[in-house]
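Please see the structure below; I have some questions.
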Number of protein chains: 2
Amino acid sequence: MQAASQVPPGPTAASAARTISRPGRTGPRAAGGPRRGRPPGTSARELELISLRLFTENGFEETTVERIAAAAGVSRRTFFRYFDTKADVLWQAFDGEVQRLREAFAAVPPGVPLMDAIRQVVVGANRYRAEDVPELRTRMNLIGSVPALQASAAHHYDAWERAVSEFAAARLGQVADSLYPLAIGRATLAVCRAAYDRWLDRADADLTVYLDQALRALAAGFAGDAGRSIPARTS
Amino acid sequence: MQAASQVPPGPTAASAARTISRPGRTGPRAAGGPRRGRPPGTSARELELISLRLFTENGFEETTVERIAAAAGVSRRTFFRYFDTKADVLWQAFDGEVQRLREAFAAVPPGVPLMDAIRQVVVGANRYRAEDVPELRTRMNLIGSVPALQASAAHHYDAWERAVSEFAAARLGQVADSLYPLAIGRATLAVCRAAYDRWLDRADADLTVYLDQALRALAAGFAGDAGRSIPARTS
DNA sequence: ACGTTAATCGTCACGCAGTGACGTAATCAA
DNA sequence: TTGATTACGTCACTGCGTGACGATTAACGT
């Protein structure tokens with residue numbers, strides 16, 4: 001289930017990666033060489049910024065797609081050519097992180113222990129420039145507080161978890177949908193979400209510190225001194 | 001976020017439990033003493049069985065609420081008096097498990113180590129009678145394969161995770177939305193979902209074995225011999 | 001016996017998300 | 001200029017979820 005049902009005639013679980021290889025489904029013409037037909041009248045990024053503003057000002061449920069499209073100067077139908085659902089507009093950055101995650105995993109030297117590698121890669125993928133933090137906070141605050149957005153999360157988390165699971169599977173010599181790789185991928189995301197939630201509550205906190213702490217606790221089986229003993233920075 | 005946003009003026013995190021104390025929101029009159037007004041024309045359980053049958057026969061998306069209501073002999077509006085959404089009809093049993101989980105946690109002796117207690121309670125809450133297994137499989141197969149149902153999962157998982165988090169918090173002397181309790185609650189569910197997925201793939205498997213194995217791996221920080229060495233039964 | 005109260009239900013109407021079909025506008029290539 | 005390509009707008013439609021209102025059915029009080 002999960003990976004199996006989404007790869008209809010796929011040979012093994014190795015082809016699951018290719019299912020994800022639809023990176024820029026972000027509407028008409030993400031970018032690329034010399035265009036051909038009519039140029040796009042907007043962009044996924046513009047729609048994202050407009051949506052983010054309207055959502056924070058008036059709420060997610062209260063903001064209709066009609067209004068977002070109008071603010072962008074396009075039609076309602078066009079919005080749905082850029083995003084499959086109203087909620088997807090806030091998951092662009094997250095989906096992009098999955099790709100960075102995979103590349104970072106591929107660059108890990110073979111000697112590093114499994115859980116150490118996962119921790120370093122995940123923490124490294126979550127180092128944001130200071131000027132990008134406010135938007136990140138706004139987006140994550142919405143996702144954490146609006147039920148409809150929490151519901152939409154499952155679909156996007158799936159690819160993230162699978163990236164971790166496939167790395168663990170390769171290390172353990174198993175397929176990605178075995179019990180251990182599957183558990184590792186999902187548990188990794190689980191503790192990272194906990195770290196994110198803590199970070200959102202503290203106005204002046206470093207996200208990577210929370211992530212590092214949570215991932216160390218996971219690798220220790222939550223058997224440490226119950227946290228509270230973090231030596232500044234390590235990863 | 002999460003617990004904080006759902007307990008508006010609550011004193012501390014202790015009142016979060018009372019937020020969950022809406023166990024039988026399952027429509028009109030779950031049960032109770034001598035009724036008063038007009039007796040219900042159906043029940044949540046009946047709607048669940050009818051929905052389960054129609055979903056497996058014709059698919060979740062293809063089955064309209066209109067059809068479910070008609071098969072039950074009620075109106076479409078009445079269905080939504082029993083369930084908030086079309087998907088919620090499949091989450092009754094899961095929501096009930098949360099209550100059993102809380103009671104089992106309360107009965108754990110103080111001496112048992114934290115992760116051992118969690119494993120025993122969770123495994124114990126998942127011992128089903130043989131005659132209940134087919135329906136459980138059907139329901140979990142649907143939840144695992146239909147995107148709309150996966151999306152609805154987040155809301156129901158929340159209460160389950162919180163039950164674990166609050167137990168962990170009490171043991172660690174922290175509040176439930178601290179980093180460690182939060183991470184433990186979510187990671188526990190994460191590995192249990194992995195166990196469930198593996199169980200669904202194997203036709204003749206024992207769910208509790210997978211759960212026990214996954215939870216032992218979690219408590220060991222995934223540092224064991226990568227599984228495959230389970231001594232029959234332990235919990 | 002009769003009215004009161006309480007609980008469930010059905011009908012109607014509405015807003016909004018998401019989808020398919022079809023025609024139109026703008027660009028590049030030959 | 002002609003054709004191919006890409007993006008867009010309009011229209012119509014299905015289905016979920018909600019609010020308002022009246023009708024139905026039973027227990028309770030006098």
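Every chain is numbered from 1 and lettered A, B, ... according to where its sequence line falls, protein lines coming before strand lines.
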Point to revise | Presence of A:T78 side-chain N/O under 4.0 Å of D:dC8 phosphate oxygens OP1/OP2 | key: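 Answer is no, no contact under 4.0 Å.
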**Study point:** side chain to side chain contact (heavy atoms under 4.5 Å, CB included) partners for B:A148, two or more places apart
**Key:**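 Side chain to side chain contact (heavy atoms under 4.5 Å, CB included) check on B:A148 returns B:F60, B:E61, B:V146.
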Exercise for review: For DNA chain C, find the residues of residues 43-56 of chain A with a heavy-atom distance under 4.0 Å and give them by number; none if there aren't any.
Suggested key: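 Of all residues in residues 43-56 of chain A, none places a heavy atom under 4.0 Å from DNA chain C.
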Practice item. Write out all pairs satisfying salt bridge (charged side-chain N to carboxylate O under 4.0 Å, His left out) with one or both partners inside residues 64-79 of chain B, taking only residues at least two apart or from two chains. Key: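 Output for this query is empty, none listed.
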Practice item. List in chain and number order the residues that pass side chain to side chain contact (heavy atoms under 4.5 Å, CB included) with B:A205, two or more places apart in sequence or in another chain; answer none if no residue qualifies. Key: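 In terms of side chain to side chain contact (heavy atoms under 4.5 Å, CB included), with neighbours along the sequence ignored, B:A205 is linked to B:W199, B:R202, B:Y210.
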Point to revise | side chain to side chain donor-acceptor pair (under 3.5 Å) partners for A:T85, two or more places apart | key: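 So A:T85 forms a side chain to side chain donor-acceptor pair (under 3.5 Å) with A:D88.
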Review point. Looking at residues at least two apart in the chain, or sitting in another chain, which of them share a side chain to side chain donor-acceptor pair (under 3.5 Å) with A:T64?
Key: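 Side chain to side chain donor-acceptor pair (under 3.5 Å) check on A:T64 returns nothing, list empty.
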Point to revise | Whichever of A:R38 and B:P39 has its nearest DNA chain D nucleotide further upstream toward 5' | key: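 Closest to the 5' end, via its nearest nucleotide, is A:R38.
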**Study point:** Partner set under side chain to side chain contact (heavy atoms under 4.5 Å, CB included) for B:E135, not counting sequence neighbours
**Key:**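 Side chain to side chain contact (heavy atoms under 4.5 Å, CB included) check on B:E135 returns B:R45, B:E48, B:L49, B:L52, B:R139.
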Practice item. Could I get the full list of side chain to side chain contact (heavy atoms under 4.5 Å, CB included) partners for B:T42, not counting sequence neighbours? Key: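 Scan of B:T42 (side chain to side chain contact (heavy atoms under 4.5 Å, CB included), adjacent residues dropped) gives B:E46, B:L47, B:V74, B:Y82.
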Check your understanding: What integer distance in Å separates A:F79:CZ from D:dT10:C1'?
Key ->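 A:F79 atom CZ is separated from D:dT10 atom C1' by 19 Å.
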**Study point:** Length of the line joining B:F80:CZ and D:dA20:P, which is rounded to integer Å
**Key:**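 B:F80 atom CZ is separated from D:dA20 atom P by 18 Å.
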Review point. Taking CZ from B:F83 and P from D:dC16, how many angstroms apart are they, rounded to a whole number?
Key: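 Rounded to the whole Å, the gap is 15 Å.
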Check your understanding: Whole-Å distance between C:dA21 C1' and A:R81 CZ?
Key ->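 Between C1' of C:dA21 and CZ of A:R81: 11 Å.
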Check your understanding: Are B:C192 and B:W160 close enough, and set up right, to give a side chain to side chain contact (heavy atoms under 4.5 Å, CB included), and what steps lead you there?
Key -> CA-CA 11 Å; B:C192 287; B:W160 197 97; 4.1 Å; yes
Check your understanding: Atom CZ of B:F60 and atom P of D:dT14: how far apart are they, to the nearest Å?
Key ->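 In whole Å, D:dT14 P lies 20 Å from B:F60 CZ.
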Check your understanding: With respect to A:R119, which candidate in A:V121, A:V123, A:V122 satisfies the side chain to side chain contact (heavy atoms under 4.5 Å, CB included) definition?
Key ->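 Of A:V121, A:V123, A:V122, side chain to side chain contact (heavy atoms under 4.5 Å, CB included) with A:R119 is met by A:V123 alone.
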All N/O pairs under 3.5 Å across the protein-nucleotides 12-15 of chain C interface:
none

Review point. Who are the side chain to side chain donor-acceptor pair (under 3.5 Å) partners of B:Y196, not counting sequence neighbours?
Key: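 If we apply the side chain to side chain donor-acceptor pair (under 3.5 Å) test to B:Y196, skipping adjacent residues, the hits are B:N126.
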Exercise for review: Could you check which of D:dC16, D:dC8, C:dA7 has an atom nearest any side-chain atom of A:Y82?
Suggested key: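 Minimum distance to the A:Y82 side chain belongs to D:dC8.
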Review point. How long is the line joining NZ of A:K86 and C1' of C:dT19, in whole Å?
Key: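 Rounded to the whole Å, the gap is 17 Å.
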Review point. Can you list the residues that meet the side chain to side chain donor-acceptor pair (under 3.5 Å) rule with B:S152, with sequence neighbours excluded?
Key: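 B:S152: side chain to side chain donor-acceptor pair (under 3.5 Å) contacts with B:W91.
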Exercise for review: Using whole Å, report how far CD of A:E61 lies from P of D:dG17.
Suggested key: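 Atom CD in A:E61 sits about 12 Å away from atom P in D:dG17.
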Dump the pairs, protein N or O against N or O of nucleotides 27-30 of chain D, anything under 3.5 Å, distances to one decimal.
from, atom 1, to, atom 2, distance (Å)
D:dA27, O4', B:R36, O, 3.2

